[in-house]
2 protein chains.
Amino acid sequence: MRQNTLVDSTVMERLRAAGLRPTRQRLALAQILFGQGDRHVTAESLFNEAKSQRIDVSLATVYNALHDFTGKDMLREISIDSNSSYFDTNTGDHHHFFFERSGKLQDIPSEHINIASLPEAPAGAQISRVDVIIRVKA
Amino acid sequence: MRQNTLVDSTVMERLRAAGLRPTRQRLALAQILFGQGDRHVTAESLFNEAKSQRIDVSLATVYNALHDFTGKDMLREISIDSNSSYFDTNTGDHHHFFFERSGKLQDIPSEHINIASLPEAPAGAQISRVDVIIRVKA
DNA sequence: AAGATAGTTTAGAATAATTCTAAACATGTT
DNA sequence: AACATGTTTAGAATTATTCTAAACTATCTT
Ligand SMILES: [Mn+2]
Ligand SMILES: [Mn+2]
Ligand SMILES: [Zn+2]
Ligand SMILES: [Zn+2]
């Protein structure tokens with residue numbers, strides 16, 4: 001709890017810096033998301049994690065927060081599986097293993113994949129992102 | 001119509017070869033899907049295309065057919081956008097441009113992307129597919 | 001050519017992820 | 001404290017997709 005105060009203030013600064021009001025709900029969710037290493041969550045998984053920590057937050061707020069954070073580049077959204085969207089706390093350039101059985105994602109640092117010779121983008125098209133997804137049966 | 005008979009029989013053979021009964025609906029849908037070059041469709045787009053050709057088929061049947069064809073490796077399913085699944089008539093090894101505005105996909109032959117040094121797959125994991133998606137703002 | 005059999009199609013209901021609505025509430029400002 | 005604006009929420013709505021069970025049809029058997 002003493003530790004928490006410190007961490008909370010870090011998260012609070014991040015929210016303020018992004019221009020998002022540091023509400024109780026956002027602080028709690030941001031703490032879960034950014035308080036540890038890189039993570040990949042779904043709205044549902046984050047909602048459940050919050051519930052298990054007795055954080056009282058609605059599912060709609062979880063969606064709102066995920067989209068707000070994504071809009072401020074604190075998260076990136078990934079569509080891999082048509083069942084649900086993933087949100088990634090690692091917004092840097094990197095790629096993913098996708099474990100088809102468990103539905104889990106694992107980062108691949110961008111240096112570990114060397115994409116030689118990208119094709120030229122079609123006329124007047126700017127590349128906004130290159131995603132490499134390695135699906136593994138496991 | 002005379003031409004159609006020829007093409008129909010080709011499609012019919014494909015369905016039979018796959019062990020799928022060549023029903024009126026599957027023949028019509030397969031004709032739309034495989035009768036021209038490579039295509040990327042959604043359930044909805046295929047359903048609309050069928051309707052515009054006065055082919056009387058239900059949406060459930062479109063979904064059934066897409067999944068049946070995918071199960072027989074006549075199509076591959078791609079999740080790019082959380083709104084809906086795409087089905088690709090090109091089942092070979094290749095990659096995609098994804099045009100964010102229009103939601104359209106464009107093939108990139110696999111020779112055009114050179115992936116040097118894939119990371120080793122995690123212990124006991126077999127790679128089932130590697131997808132490269134280049135999202136472009138256009 | 002019937003008849004039997006198993007696979008297919010269909011309308012509509014059901015499900016699941018996500019978004020919307022509008023009212024209550026909290027935060028930051030004056 | 002009062003105000004303005006942003007946020008949260010329950011529950012309804014929306015959308016993509018799947019399910020159900022009954023009608024239908026392709027194919028096999030006789
Ligand atoms: Mn989304
Ligand atoms: Mn869905
Ligand atoms: Zn990641
Ligand atoms: Zn393709």
Side-chain angles (χ1 to χ4, degrees), chain A residues 8-9 11-33 40-51 54-72 74-75 77-87 103, chain B residues 8-9 11-33 40-51 54-72 74-75 77-87 103:
Chain A
D8 279 357
S9 68
V11 164
M12 171 139 356
E13 280 159 29
R14 257 192 102 162
L15 292 179
R16 275 200 224 283
L20 296 171
R21 281 194 191 169
T23 62
R24 190 163 37 76
Q25 293 84 341
R26 281 178 180 157
L27 282 169
L29 295 173
Q31 180 67 61
I32 293 176
L33 288 168
H40 303 94
V41 305
T42 62
E44 189 98 36
S45 78
L46 179 57
F47 180 59
N48 288 331
E49 197 168 340
K51 271 200 299 198
R54 304 286 154 62
I55 291 164
D56 196 27
V57 64
S58 73
L59 183 56
T61 295
V62 170
Y63 276 104
N64 288 342
L66 287 171
H67 289 138
D68 292 343
F69 294 170
T70 301
K72 299 299 185 179
M74 295 166 68
L75 291 177
E77 189 173 356
I78 305 177
S79 296
I80 281 201
D81 182 85
S82 51
N83 299 322
S84 65
S85 270
Y86 290 79
F87 291 84
Chain B
D8 279 357
S9 69
V11 165
M12 172 140 353
E13 281 159 27
R14 256 193 104 163
L15 291 178
R16 276 200 225 282
L20 296 172
R21 283 193 190 170
T23 61
R24 189 162 37 75
Q25 293 84 340
R26 280 178 180 157
L27 282 169
L29 295 173
Q31 181 67 62
I32 293 175
L33 288 169
H40 302 94
V41 305
T42 62
E44 190 99 36
S45 78
L46 179 57
F47 180 60
N48 289 330
E49 197 168 339
K51 271 199 300 198
R54 304 282 154 63
I55 292 163
D56 197 27
V57 63
S58 73
L59 182 56
T61 295
V62 170
Y63 275 104
N64 289 341
L66 287 171
H67 288 139
D68 293 342
F69 295 169
T70 301
K72 300 299 184 179
M74 296 166 67
L75 290 177
E77 188 173 359
I78 306 178
S79 296
I80 282 204
D81 183 83
S82 51
N83 300 322
S84 65
S85 270
Y86 289 78
F87 291 85

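In what follows, every chain begins at residue 1, and chains take the letters A, B, ... in the order their sequences are listed.
If you run side chain to side chain contact (heavy atoms under 4.5 Å, CB included) between A:Q25 and each of A:V57, A:V62, A:N64, only A:V57 comes through.
Computed from coordinates, the A:N83 CG to C:dA16 C1' distance equals 9 Å when rounded to whole Å. Distance, B:E77 CD to D:dA16 P: 15 Å, rounded to whole Å. With rounding to whole Å, A:L15 atom CG is found 18 Å from C:dA26 atom P. Here C:dT15 presents its P atom at 16 Å from CD of A:E44, a figure rounded to the nearest Å. The distance from atom CZ of A:F87 to atom P of C:dA17 is 13 Å, rounded to the nearest whole Å.
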List, with names and distances, any nitrogen or oxygen atoms from the protein found under 3.5 Å away from nitrogen or oxygen atoms belonging to nucleotides 8-10 of chain C.
unit_1, atom_1, unit_2, atom_2, d
C:dT8, OP1, B:R26, NH1, 2.5
C:dT8, OP1, B:R26, NH2, 2.9
C:dT9, OP1, B:T23, OG1, 2.4
C:dT9, O3', B:Q25, NE2, 2.7
C:dT10, OP1, B:Q25, NE2, 3.3
C:dT10, OP1, B:D56, O, 3.4
C:dT10, OP2, B:S58, N, 2.9
C:dT10, OP2, B:S58, OG, 3.3
C:dT10, OP2, B:T61, OG1, 2.6

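A sub-4.0 Å separation between OP1 or OP2 of D:dT18 and a side-chain N or O of B:H67 is present. Residue A:Y63 places at least one side-chain N or O closer than 4.0 Å to OP1 or OP2 of C:dT18.
Shown here are the side-chain hydrogen bond (donor to acceptor under 3.5 Å, both in side chains) partners of A:T23, two or more places apart in sequence or in another chain: there are none.
How far CG of A:L46 is from OH of A:Y63: 10.5 Å, rounded to the nearest 0.5 Å. Summarising the geometry, atom CD1 belonging to A:I80 is positioned 12.0 Å from atom OG belonging to B:S82; distances are rounded to the nearest 0.5 Å.
Within 4.0 Å of B:S85, counting heavy atoms only, lie sugar-phosphate atoms of the nucleic acid but no base atom.
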